[in-house]
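Here's the structure, in structure tokens; my notes come after.
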Amino acid sequence: MASRRSPTARHRRLMAELNHLRADSGLTRAQVAERIGTTDTTIWRYETGLTRPKPSDVSALTEVYGVTGEARESLIQMAREARKRGWWHRHRQALKPGFDSYIGLEAEASVVRSYEPLVVPGLMQTEAYARAVIEATSLTHAPSAVDEKVSVRMSRQQLLHGPGDPIQLVAVLDEAVLRRQIGGPGVMREQLEHLLDLGRLPNVEIRVIPFFAGAHAAMDGKFCLLSFPEPEDPDLVYLEQAASGLVPEDPEEVRRYTLMFGSLSALALGAEASAAFIARRAERCSNQQ
């Protein structure tokens with residue numbers, strides 16, 4: 001997974017480590033700040049992720065906390081990695097607030113579990129389908145901004161194929177995703193056939209919740225769960241709205257959505273039955289052309 005290390009994920013891990021170290025030391029932020037010659041506000045900003053500490057700052061903190069050897073070097077290296085910029089950083093002005101942070105976390109995830117009630121997940125969209133969705137939802141954006149968003153979406157899809165270990169994707173789609181004709185029958189047919197191709201990959205599972213399954217726990221909307229390769233990094237959930245994205249850190253919130261995803265999986269058709277359902281929808285679109 002080293003080839004997929006993300007500055008955003010490294011920063012999240014470093015933030016958690018600094019919080020744990022100070023808690024274990026029994027020191028207050030003010031006491032730590034006094035020992036390294038800074039302010040308690042600065043320590044607070046390090047621990048809440050508002051500021052990315054320099055490697056020299058982390059080196060000073062490890063001395064205060066009594067961290068030595070490989071553990072100390074690991075934290076300093078983490079600080080170096082956290083201060084780099086991922087490829088998505090240059091696109092942050094074109095993305096909704098919070099989504100650039102999600103992309104950075106997704107880049108180091110080992111498993112993505114996604115529930116979508118309306119559209120195909122971004123990791124699985126064809127370029128034509130993505131463009132049709134982005135044009136419909138952007139409303140006032142210039143063509144150049146639409147192009148940039150499409151480019152970002154296509155770049156993210158490298159996670160399914162490499163380099164490094166490809167991400168494991170489990171996507172649960174409401175039947176409405178397959179019936180809503182986005183971009184016309186030709187674009188939709190291509191998209192559905194692309195889903196069938198992706199479903200044949202060993203790291204991708206696609207499940208469909210049919211309309212006859214009735215009401216379910218995720219009627220409030222889409223969400224995405226990320227799991228990471230290192231056990232020290234807890235799962236997180238990403239929630240998206242029209243104008244922003246949110247990554248709540250509350251463990252109970254993550255647990256709630258994890259249980260919700262399990263409930264959705266129990267309602268959904270199996271992988272083979274889902275593929276057959278998608279194939280029928282693709283044939284229907286083909287007949288409409």
Looking at side-chain heavy atoms only, is the closest gap between Val119 and Val177 below 4.5 Å? no
Hey, mind stepping through Arg189 and Glu283 against salt bridge (charged side-chain N to carboxylate O under 4.0 Å, His left out) and telling me if it holds? CA-CA 7 Å; Arg189 176 188 57 78; Glu283 183 178 1; over 6 Å; no
ILVMFWY cluster, Phe99 and Val237 together (side-chain gap under 4.5 Å): no
Below 4.5 Å, heavy atoms only, C-beta onward: do Ile167 and Val111 meet side chain to side chain? no
Where the side chain of Thr8 meets the backbone of Leu105, is there a donor-acceptor pair that is under 3.5 Å apart? no
CD1-CZ distance between Ile134 and Arg153, expressed to the nearest 0.5 angstrom: 4.0 Å
Whether Glu205 side chain and Ala171 backbone form a donor-acceptor pair below 3.5 Å: no
To check you understand the geometry: which heavy-atom pair defines the closest contact between Val254 and Pro248, and what is its length? CG2-O, 4.2 Å
If you compare all heavy atoms of Arg131 against all heavy atoms of Val146, which two are closest, and at what distance to 0.1 Å? NH1-CG1, 3.9 Å
Would you say Glu34 has more than 12 foreign heavy atoms packed within less than 6.0 Å of its CD? no
What one should report as the nearest heavy-atom pair of Arg207 and Ser265 is NH2-O, 2.8 Å
Does any N or O in the side chain of Glu240 come within less than 3.5 Å of the main-chain N or O of Leu246, such that one atom is a donor and the other an acceptor? no
How long is the gap from OG on Ser151 to CZ on Arg156, to the nearest 0.5 Å? 12.0 Å
Check the pair Leu18, Leu61 against side-chain contact (heavy atoms from CB on, under 4.5 Å), reporting the backbone distance first and the verdict last. CA-CA 8 Å; Leu18 294 179; Leu61 288 169; 4.0 Å; yes
Is there a donor-acceptor pair under 3.5 Å between the side chain of Glu135 and the backbone N or O of Ala132? no
Side chains of Ser114 and Leu123: closer than 4.5 Å at any heavy-atom pair? no
Dump the intermediate steps for side-chain contact (heavy atoms from CB on, under 4.5 Å) on Ser138 and Lys149, then the final yes or no. CA-CA 10 Å; Ser138 294; Lys149 288 185 176 184; 3.7 Å; yes
Could you verify whether a donor N or O on one side chain and an acceptor N or O on the other, from Tyr102 and Glu106, lie under 3.5 Å apart? yes
Distance check, rounded to the nearest 0.5 Å: Leu159 atom CG versus Ser110 atom OG? 11.5 Å
If every non-hydrogen atom of Ala109 is compared with every non-hydrogen atom of Phe228, which pair is closest and at what distance? CA-CD2, 3.8 Å
Let me check something: do Val204 and Val172 share a hydrophobic cluster, defined by ILVMFWY side-chain heavy atoms less than 4.5 Å apart, either directly or through other members? no
Indicate yes or no: at least one non-hydrogen side-chain atom of Leu14 is less than 4.5 angstrom from one of Val58. yes
Between Leu75 and Glu17, is the side-chain contact (heavy atoms from CB on, under 4.5 Å) condition met? List the steps. CA-CA 8 Å; Leu75 287 170; Glu17 292 287 350; 3.8 Å; yes
For residues Ser59 and Ser56, is any side-chain donor paired with an opposing acceptor at under 3.5 Å? no
State, yes or no, whether a side-chain contact exists between Leu27 and Val64 at a heavy-atom distance under 4.5 Å. yes
Under a 4.5 Å cut-off applied to non-hydrogen side-chain atoms, are Leu95 and Val152 in contact? yes
How long is the straight-line distance from NE2 of His11 back to CD of Glu81, given to the nearest 0.5 Å? 13.0 Å
If you compare all heavy atoms of Ala107 against all heavy atoms of Ser6, which two are closest, and at what distance to 0.1 Å? CB-CB, 4.0 Å
Taking Asp197 for its side chain and His194 for its backbone only, find out whether a donor-acceptor pair lies under 3.5 Å. no
Does any part of the side chain of Pro55, heavy atoms only, come nearer than 4.5 Å to the side chain of Met78, both counted from C-beta? no
I want to check something: taking the side chain as every heavy atom from C-beta on, are Met124 and Leu195 in contact at a cut-off of under 4.5 Å? yes
Would you kindly confirm whether Val112 and Leu236 end up in one hydrophobic cluster when ILVMFWY residues are joined by side chain heavy atoms under 4.5 Å apart? yes
Considering residues, nucleotides and ligands other than Arg284, do more than 12 of their heavy atoms fall under 6.0 Å from its CZ? no
Look at the side-chain heavy atoms of Ile, Leu, Val, Met, Phe, Trp and Tyr, link any pair under 4.5 Å apart, and say whether Leu196 and Leu201 land in one connected group. yes
Could you tell me how the ring of Phe223 sits relative to the ring of Tyr115: parallel (under 30°), tilted (30 to 60°) or perpendicular (over 60°)? tilted
Val170 versus Phe261, closest heavy-atom pair with distance: O-CZ, 3.8 Å
Just by modelled atom types, is the Glu47 backbone N or O under 3.5 Å from a matching donor or acceptor in the Asn19 side chain? yes
Determine, step by step, whether Arg179 and Glu175 satisfy the salt bridge (charged side-chain N to carboxylate O under 4.0 Å, His left out) criterion, reporting the C-alpha distance in whole Å, the side-chain angles of both residues, the deciding distance to 0.1 Å, and the verdict. CA-CA 7 Å; Arg179 290 188 175 275; Glu175 182 176 337; 2.4 Å; yes
Residue pair Tyr238, Leu226: steps toward the side-chain contact (heavy atoms from CB on, under 4.5 Å) verdict: CA-CA 8 Å; Tyr238 175 70; Leu226 300 183; 5.9 Å; no
Do you reckon Leu267 sits in the same ILVMFWY cluster as Ile278, going by side-chain contacts under 4.5 Å, direct or chained? no
Arg52, Glu108, Arg12, Arg80 screened by side chain to side chain contact (heavy atoms under 4.5 Å, CB included) with Pro7, the one that passes: Arg52
Are the side chain of Ser286 and the backbone N or O of Ala282 linked by a donor-acceptor pair below 3.5 Å? no
Between Glu127 and Tyr129, does any side-chain donor sit less than 3.5 Å from a side-chain acceptor? no
Could you check whether any side-chain N or O of Ser274 sits under 3.5 Å from a backbone N or O of Val208, counting only pairs where one atom can act as donor and the other as acceptor? yes
Atom CD1 in Ile36, atom OG1 in Thr42: separation rounded to 0.5 Å? 8.0 Å
Spacing of Asp174 atom CG and Leu264 atom CG [to the nearest 0.5 Å]: 9.5 Å
When you check the side-chain N and O atoms of Gln181 and Gln288, is any donor under 3.5 Å from an acceptor? yes
Verdict with supporting geometry, Arg113 and Asp235, salt bridge (charged side-chain N to carboxylate O under 4.0 Å, His left out): CA-CA 11 Å; Arg113 288 168 288 170; Asp235 292 358; 3.3 Å; yes
Apply salt bridge (charged side-chain N to carboxylate O under 4.0 Å, His left out) to the pair Arg10 and Glu230, showing each step before the final yes or no. CA-CA 11 Å; Arg10 296 292 88 195; Glu230 298 180 18; 3.5 Å; yes
Heavy-atom count check: over 12 atoms from other residues, nucleotides or ligands less than 6.0 Å from Glu232 CD? yes
